[in-house]
Trainee: 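The structure is given below, and queries will be raised subsequently.
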Amino acid sequence: MKSINDSLKIEQTKIREKQIGQVFIQLVRPGEGTEDTRRLATRSEFDETQWELIRQLADARLVITSRNAAGQETVEIVHEALIRHWEKLKYWMSEDRNFRVWQERLRVMMAHWNNNEEALLKGLFLKEAEKWLNSYQESIPPHEREYIQQSQRLRDQEVEEKLRQWRRTITSLVAYSKQLFNGGKELDALIEIIRVAKEIKQQSQTVEVDIWLGVVKTLQDIVYKIRERDRLGHSQDFTHIVFSPDGQTLAAATEDNTILLWNREDKLQATLTGHDHSITNLVFSPDSQILASASSNGTIKLWQLDGTELLTITGCNLSIKHLLFNPDQQTLAASFWNEKTIKLWHLDGTEVCTITNNTVIEKVNFSPDGEILASANYDQTIKLWRQDGTLYATLSAHSDTLSWHRVFITSLVFSPDNQILASASTDNTIKLWSRDGTLQATLIGHSDSINNLVFSPDHQILASASTDNTIKIWRRDGTLQATLIGHSDVVTSLVFSPDGRTLVSGSEDHTVKLWELYPENSSTETIPKAKNLVHGEENWHISFRDCEQNQHKLMLACHKGNNIELWNRFSASEMQELKGHSAEPTSVAFSPDSQILASASRDRTIRLWTIDGTELAILREHQGEVWHVSFSPSDQILASASSDCTVKLWGLDGTALTTLSGHTSRVNKVVFSHNGQMLASASDDGTIKLWQNNGILLHTQLAAHRDGVTSIVFSPKEQILASAGRDNIIKLWQLHGTQLATLNTVFQEHTDEIISLAFSTDGQKLVSGSRDKTIKLWELDRLQTSLTTLNGHTNDVTSVVFHPNRDMLASTSGGGIIKLWQLDGKELDTLKGFCCPEFSIYPINWDGTLAPNSHNNNGSRTLKFTSLAFSPNGNLLADTVSCTTHHIIRLWNLDLDNLMLRGCHWLRNYLENNPNVKEIDRLLCIEAN
C-alpha cells in the first residue's frame with residue numbers, strides 16, 4: 001500500500017493522520033458478521049475542514065465526490081479494495097469499530113426522527129449515546145449531535161418535571177401530616193411524616209433546602225409535641241377507663257359488659273367477663289392490686305389483675321353511680337342513681353353500714369385521710385359522714401338567688417392536705433370549707449355553672465371548669481390568679497399532673513387541652529400555655545399516671561368510640577435548654593466533632609457542655625465579662641475574648657493554657673484560621689491582632705476601624721480575613737505571611753454598625769448582620785454592592801451564620817427569635833420558643849447602657865445579647881436567650897436521622913401491637929427499632 005501513501009501527498013503529522021482517519025471511518029460501513037463495505041456519505045456529515053481534506057483525497061483519487069438525486073454533495077471510497085487491503089484503514093476501523101457500529105444504529109433510529117419527540121433517544125440508548133458523544137465528539141456530525149442533544153434536553157425536561165412533581169408530592173404529604181396532627185390523628189401524622197423523611201433521605205443532598213427544612217421542621221414539631229402514644233381498640237364502645245395508681249395497668253369497660261386490662265407495653269393481658277348488665281364504674285384499690293367494677297343492676301365485683309374474680313357483692317339492686325375505695329383500702333363506698341343512700345362494705349363483702357340521707361345524693365368523695373365521706377346533695381347541702389355512717393356536719397352550701405332556678409352541687413373535692421373541702425354549683429360559685437364545716441370563702445368569677453374542681457398536688461392551687469367555656473385558677477385563699485381561655489364549648493373535666501405543673505382540661509368542643517402552668521422551674525407565677533391534644537367525643541374521663549417512677553412523664557387516657565387513645569406528656573419543645581449562667585450568655589461555639597458546646601457569659605465564665613446538656617466544666621480565669629469563644633480545628637484548644645482586654649487559650653479539661661495580652665480595650669471576637677495555625681482578635685481599641693496558636697503575637701493592624709472592631713472571620717481559603725466595625729464598614733484583608741493588607745474593596749451599605757460576619761463554607765459568600773435590622777449577603781467577586789438584602793427582623797441583627805452543608809443561613813435579633821433563610825433571600829422559617837418582651841424596647845449602646853434618646857433615665861436596662869452557631873455536622877443549632885433572671889442556651893434539633901429514630905421509638909408499641917395497623921406500616925421503623 002506504499003503507492004496509496006505516496007498518492008496522498010499530504011503532510012504526514014499525527015494530527016493530520018487523525019483527521020484523515022476520522023474521514024475514512026465515516027466512509028466505511030462496518031459489517032456485523034460480514035465484511036466491511038463502502039458507504040456513501042453526504043457533505044452535511046462533515047465540517048468545512050474535513051470537506052477540504054476530502055477534496056484533497058479526491059484529487060489523490062482515493063475518494064469520489066458527486067451529487068445525489070436531492071442535489072446534495074456526496075463522497076465515497078473509490079474502491080472496496082482500499083477497505084480490504086489498506087492496512088492503515090484496517091487499523092483505523094479496528095480501533096473505532098464499536099463506535100462505528102453504534103453510529104450506524106444511531107442513523108437507523110434517526111431515520112424515524114423528523115423532529116418527533118417519540119423517536120428521540122431514551123434510557124440506556126441515551127446513556128450510550130452520551131458516552132460516545134463525550135469520546136468521539138469530533139467524529140459525530142452536527143445533525144447527529146443535535147439529535148443526541150435534543151434527546152438530552154427532553155430527558156432533562158422530564159427529569160425536572162418529575163422532580164417538580166416529587167416536590168409537589170412531598171409538600172402535599174408534609175401538609176397532610178400537619179393536617180392529621182392538628183386534627184388529633186397524631187400517630188397517623190407521625191407515620192406519614194416518617195415515611196416522607198425516609199423518602200428525602202434517599203435523595204440526600206439533591207433535596208432543595210426549603211423541602212428539606214419543611215420535612216425536618218414538621219417531623220421536629222410532631223416528635224416533640226406528640227401526646228398520643230397508642231390506640232387500644234375493641235369491637236364495642238368503651239364506657240369507662242381508669243389507670244392503676246402505679247401506672248402499670250389500664251382497665252376499660254365496654255358496652256358488651258366485659259373489662260379489658262392492658263399492661264404498660266399496651267399489650268392486652270386479661271379479659272374479665274361476669275357482669276350481665278352494663279358496667280357503670282371502675283376503680284383500682286390504692287395499692288393497685290384489686291380492681292372493683294360496678295354494674296347497673298347493683299352488682300360489684302372485685303378482681304385480681306390476672307383476671308381472677310375475688311368476690312361479688314350483691315343485694316342492693318340499684319344502679320351504681322359512683323364507686324370508690326377508701327384511701328385506707330379497708331372499705332369500698334358506692335352511691336346510686338337518684339337514690340338517697342350510700343353503702344360501705346369491707347373488702348370481704350361484709351356491709352359496714354348504709355348511710356341514709358333525706359335527699360338524693362349527687363356526688364361523694366373521701367377525704368385524703370379516709371376519715372370523712374362527703375356527699376353533695378340535691379337539697380344544696382353538703383354532708384360530712386364518719387365511716388360508721390354517723391353524720392359529722394351539714395354545710396348549707398349554695399343557695400339560689402333566682403327562685404325559678406334549681407341549684408345543684410356539681411363538684412366536691414378535698415384538698416390533698418385534708419384541710420379544705422371545695423364545692424361548686426350551678427349558681428356559678430365555689431365555696432371553700434374548713435373540716436369543721438366553717439365557710440371560709442366564696443369564690444365568684446364564672447358567668448355560668450361550674451362543672452368540675454381539682455386541687456393541685458401541693459394544695460396551693462384550685463382550678464375550676466365552667467359552662468362559660470373557661471377555666472379559672474385560684475389561690476388557696478380564694479384569690480383569682482388566672483383565667484384560661486381556649487375552649488370553644490363547655491369545659492367538663494380537669495385533672496392536675498402529679499408534679500402540679502400541667503393542668504388538663506376536657507371539653508364538649510371535642511378537645512383535651514394541656515396547660516403548662518409553670519414553664520420555668522424557677523418561676524413562682526402561673527403563666528398558662530395551652531396545647532391542644534385531641535378531637536373526640538364529649539364528656540371525657542381523664543386521668544394521669546406516672547409512666548416511670550420519679551420521672552414525671554405523664555400519661556393521659558381518653559376513650560373515643562371504640563378506641564382508647566393514650567397520650568404522653570413526654571416533651572413539649574423542639575429544643576433543649578441549658579441553664580447555668582448567672583448573667584447573659586454572649587457567645588456559643590461547637591467543637592469540630594460537634595460533641596461539645598462552649599458558652600460565654602457576662603458572668604465572667606465559660607461553660608463546656610455535652611450536646612445532651614451535661615455540664616463538663618466551668619472556666620473562671622477571666623476578670624471581666626466574656627464576649628466570645630471559638631474552638632481550634634484541632635479540637636484541643638478553646639479561645640475566649642473578654643472585656644478584661646485579654647484573649648485566653650484553654651484546654652478542654654478547663655485548664656488555662658496561656659493569656660494573650662496587648663489589647664488596650666475590650667476584646668470582642670477571637671477566631672481561629674481554618675488550618676488552626678493562627679488566630680485573630682478584634683477589639684474596641686480599633687485594632688486586629690494576629691497570633692500564632694501558641695500565643696505569640698505575629699502582627700497588629702492599627703486603626704482597622706473607627707470606634708472599634710466588632711467582628712472578624714477567616715475565609716475558608718485562609719488568605720482572607722474579613723472585619724466589621726461600628727463605622728458601618730466591612731473590610732477584607734489579605735494575609736501576607738504575618739502581615740495584613742487591605743484589599744482594594746472597602747464596602748459600606750449598612751446604615752448602622754455591623755455586629756456579625758460569616759463566610760460560607762466555600763468561601764464565596766460573606767454575610768453581615770447589623771443594628772440597622774438588615775442582613776446583607778455579598779459575593780467575593782462583586783463586592784461593591786451586596787448581592788441580596790434580607791429584611792424581616794424588627795430588632796438589631798446580632799448574629800448570622802451559614803449552615804455547613806445546606807444553602808441556608810440563620811440569623812437572630814434577640815427575644816428568642818431565629819430566622820432561617822435561603823441564600824436568595826427567601827425567609828424559610830422563624831423559630832421561637834422563648835418570650836423576651838422587654839428586648840430592645842429602648843435603644844441600647846454596645847456596652848449595654850441605654851442610649852441617650854431612650855427616654856428612660858434609670859439606666860437599668862441592658863442589651864440581651866444573642867449568639868448563634870450551627871454544629872459542624874449541621875445537626876444542631878445553638879442560640880442564647882436572656883430575659884430578666886433567665887439566661888439560657890438553647891439547642892435546636894435539626895438531625896433528620898435522630899428525629900426519625902425518636903419518632904420510630906415512640907411508635908414502636910403501636911406498630912407492633914395494634915391490630916389495625918397496615919402490614920406495610922409495621923415495617924416502617926423495623927431498622928430503627
Side-chain angles (χ1 to χ4, degrees), residues 1-114 119 121 125 128-149 151:
M1 289 288 101
K2 184 175 182 301
S3 59
I4 297 178
N5 293 329
D6 291 340
S7 67
L8 285 173
K9 295 180 181 179
I10 299 172
E11 181 184 357
Q12 294 295 307
T13 66
K14 289 186 177 180
I15 296 176
R16 196 64 165 173
E17 182 176 308
K18 180 180 178 182
Q19 292 172 338
I20 294 170
Q22 288 172 346
V23 169
F24 268 107
I25 65 171
Q26 292 297 322
L27 302 180
V28 177
R29 179 175 287 108
E32 298 186 70
T34 61
E35 290 187 345
D36 295 348
T37 58
R38 290 187 298 171
R39 173 180 175 270
L40 184 67
T42 64
R43 181 172 180 172
S44 62
E45 298 177 23
F46 303 96
D47 60 28
E48 288 301 321
T49 300
Q50 289 173 322
W51 195 254
E52 177 60 31
L53 180 58
I54 286 171
R55 286 197 182 99
Q56 297 179 41
L57 293 174
D59 292 341
R61 297 183 180 180
L62 296 176
V63 299
I64 301 171
T65 58
S66 182
R67 289 183 182 274
N68 60 19
Q72 297 173 308
E73 292 184 86
T74 62
V75 61
E76 62 180 332
I77 292 175
V78 66
H79 197 281
E80 289 189 356
L82 204 63
I83 299 173
R84 288 191 290 273
H85 300 295
W86 187 21
E87 293 299 326
K88 180 64 75 174
L89 180 53
K90 289 165 69 175
Y91 170 76
W92 286 332
M93 285 301 297
S94 68
E95 286 290 302
D96 295 331
R97 177 168 296 278
N98 290 337
F99 164 68
R100 285 294 294 117
V101 169
W102 165 81
Q103 191 176 35
E104 289 303 310
R105 292 174 182 167
L106 177 73
R107 286 163 176 164
V108 171
M109 289 186 280
M110 284 184 62
H112 304 284
W113 175 24
N114 195 25
L121 299 172
F125 293 107
E128 185 181 21
E130 288 176 318
K131 181 190 74 172
W132 291 117
L133 182 62
N134 289 334
S135 304
Y136 283 83
Q137 184 163 357
E138 293 178 358
S139 298
I140 299 176
H143 65 289
E144 293 176 6
R145 290 200 298 268
E146 176 63 21
Y147 177 63
I148 296 171
Q149 289 164 354
S151 300

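Treat the numbers as computed from the prediction; the structure is a model and nothing was measured.
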Trainee: Using the test side chain to side chain donor-acceptor pair (under 3.5 Å), find all partners of T37 that sit at least two apart in sequence or belong to another chain.
Mentor: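 Per chain and number, T37 pairs via side chain to side chain donor-acceptor pair (under 3.5 Å) with no residue.
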Trainee: Quick check for you: to the nearest 0.5 Å, what is the distance between N98 atom CG and S135 atom OG?
Mentor: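 Answer for the CG-OG pair, N98 versus S135, is 11.5 Å.
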Trainee: Taking the side chain as C-beta and beyond, is there a heavy-atom pair between V75 and V23 under 4.5 Å?
Mentor: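 Not in contact.
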Trainee: Only counting residues at least two apart or in another chain, list the ones meeting side chain to side chain donor-acceptor pair (under 3.5 Å) with T42.
Mentor: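 Once residues adjacent in sequence are excluded, the partners of T42 under the side chain to side chain donor-acceptor pair (under 3.5 Å) criterion are S44.
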Trainee: Could you pull out the closest heavy-atom pair between I54 and V63, with the gap in Å?
Mentor: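 In terms of heavy atoms, the two residues are closest at O-CG2, 3.7 Å.
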Trainee: Any pair with a residue in residues 93-104 that passes salt bridge (charged side-chain N to carboxylate O under 4.0 Å, His left out), sequence neighbours left out, goes on the list, sorted by first then second residue, please.
Mentor: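 Sorted pair list: R29-E104, D36-R97, R39-E104, R100-E104, E104-R107.
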Trainee: Just verifying a value: how many Å separate I148 CD1 and E128 CD, rounded to the nearest 0.5 Å?
Mentor: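 Between I148 CD1 and E128 CD, I get 10.0 Å after rounding to 0.5 Å.
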Trainee: Just how far is it from atom CD of E130 to atom CZ of F125, taken to the nearest 0.5 Å?
Mentor: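 That separation rounds to 14.0 Å.
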Trainee: I would like to know whether F24 and I20 meet side-chain contact (heavy atoms from CB on, under 4.5 Å); could you show each step before the answer?
Mentor: CA-CA 6 Å; F24 268 107; I20 294 170; 3.5 Å; yes
Trainee: How long is the gap from CD on E45 to CG on L40, to the nearest 0.5 Å?
Mentor: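 E45 atom CD to L40 atom CG measures 8.5 Å (nearest 0.5 Å).
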Trainee: Using modelled atom types only, decide if a donor and an acceptor are shared between the side chain of R38 and the backbone of L27 within a distance under 3.5 Å.
Mentor: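 Checking the backbone N and O of L27 against the side chain of R38, no donor-acceptor pair under 3.5 Å is found.
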Trainee: Scan Q22, Q103, E144 and name whichever one has a side-chain contact (heavy atoms from CB on, under 4.5 Å) with S139.
Mentor: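 Result: among Q22, Q103, E144, Q22 is the only option passing the side-chain contact (heavy atoms from CB on, under 4.5 Å) with S139.
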Trainee: Any ion pair linking K90 and E87 (charged N to carboxylate O, less than 4.0 Å)?
Mentor: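 Yes, this pair counts.
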Trainee: Is there a donor-acceptor pair closer than 3.5 Å between any side-chain N or O of Q19 and the backbone N or O of Q50?
Mentor: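 No.
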Trainee: State, yes or no, whether a side-chain contact exists between R105 and E32 at a heavy-atom distance under 4.5 Å.
Mentor: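 In contact.
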Trainee: Evaluate side-chain contact (heavy atoms from CB on, under 4.5 Å) for T74 paired with I64, printing each intermediate quantity in order.
Mentor: CA-CA 8 Å; T74 62; I64 301 171; over 6 Å; no
Trainee: Is any side-chain heavy atom of L133 less than 4.5 Å from a side-chain heavy atom of R145?
Mentor: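 Yes, their side chains come closer than 4.5 Å.
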Trainee: Drop me the distance from L62's CG to L57's CG, to the nearest 0.5 angstrom.
Mentor: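 Rounded to the nearest 0.5 Å, the CG-CG separation comes to 6.0 Å.
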Trainee: How about W113 and M109: do any of their side-chain heavy atoms sit closer than 4.5 Å?
Mentor: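 With C-beta onward as the side chain, the pair stays apart.
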Trainee: Could I get the full list of side chain to side chain donor-acceptor pair (under 3.5 Å) partners for E48, not counting sequence neighbours?
Mentor: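 Residues passing side chain to side chain donor-acceptor pair (under 3.5 Å) with E48: R43.
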Trainee: Is there side-chain contact between I77 and I83, with heavy atoms separated by less than 4.5 Å?
Mentor: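 Yes, side chains in contact.
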Trainee: Are E80 and E35 side-chain neighbours, meaning at least one heavy-atom pair lies under 4.5 Å?
Mentor: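 Not touching, per the 4.5 Å side-chain cut-off.
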Trainee: Among all residues two or more places apart in sequence or in another chain, which pass the side chain to side chain donor-acceptor pair (under 3.5 Å) test with E146?
Mentor: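 With neighbours one apart ignored, the set is Q150, R153.
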Trainee: If you compare all heavy atoms of M110 against all heavy atoms of Y147, which two are closest, and at what distance to 0.1 Å?
Mentor: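 Shortest heavy-atom separation between M110 and Y147 comes out as CG-CD2, 3.3 Å.
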Trainee: Hey, is CZ on R61 packed in by over 12 heavy atoms from elsewhere, all under 6.0 Å?
Mentor: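 At most 12 heavy atoms, drawn from other residues, nucleotides or ligands, come within 6.0 Å of this atom.
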Trainee: Which residues pass the ring pair (Phe, Tyr, Trp, His ring centres under 6.0 Å) test with Y136, sequence neighbours left out?
Mentor: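 Only F99, W132 meet the ring pair (Phe, Tyr, Trp, His ring centres under 6.0 Å) criterion with Y136.
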Trainee: Do the rings of W92 and W86 sit parallel, tilted or perpendicular, given the 30° and 60° boundaries?
Mentor: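 The arrangement is perpendicular - the two ring planes meet at more than 60°.
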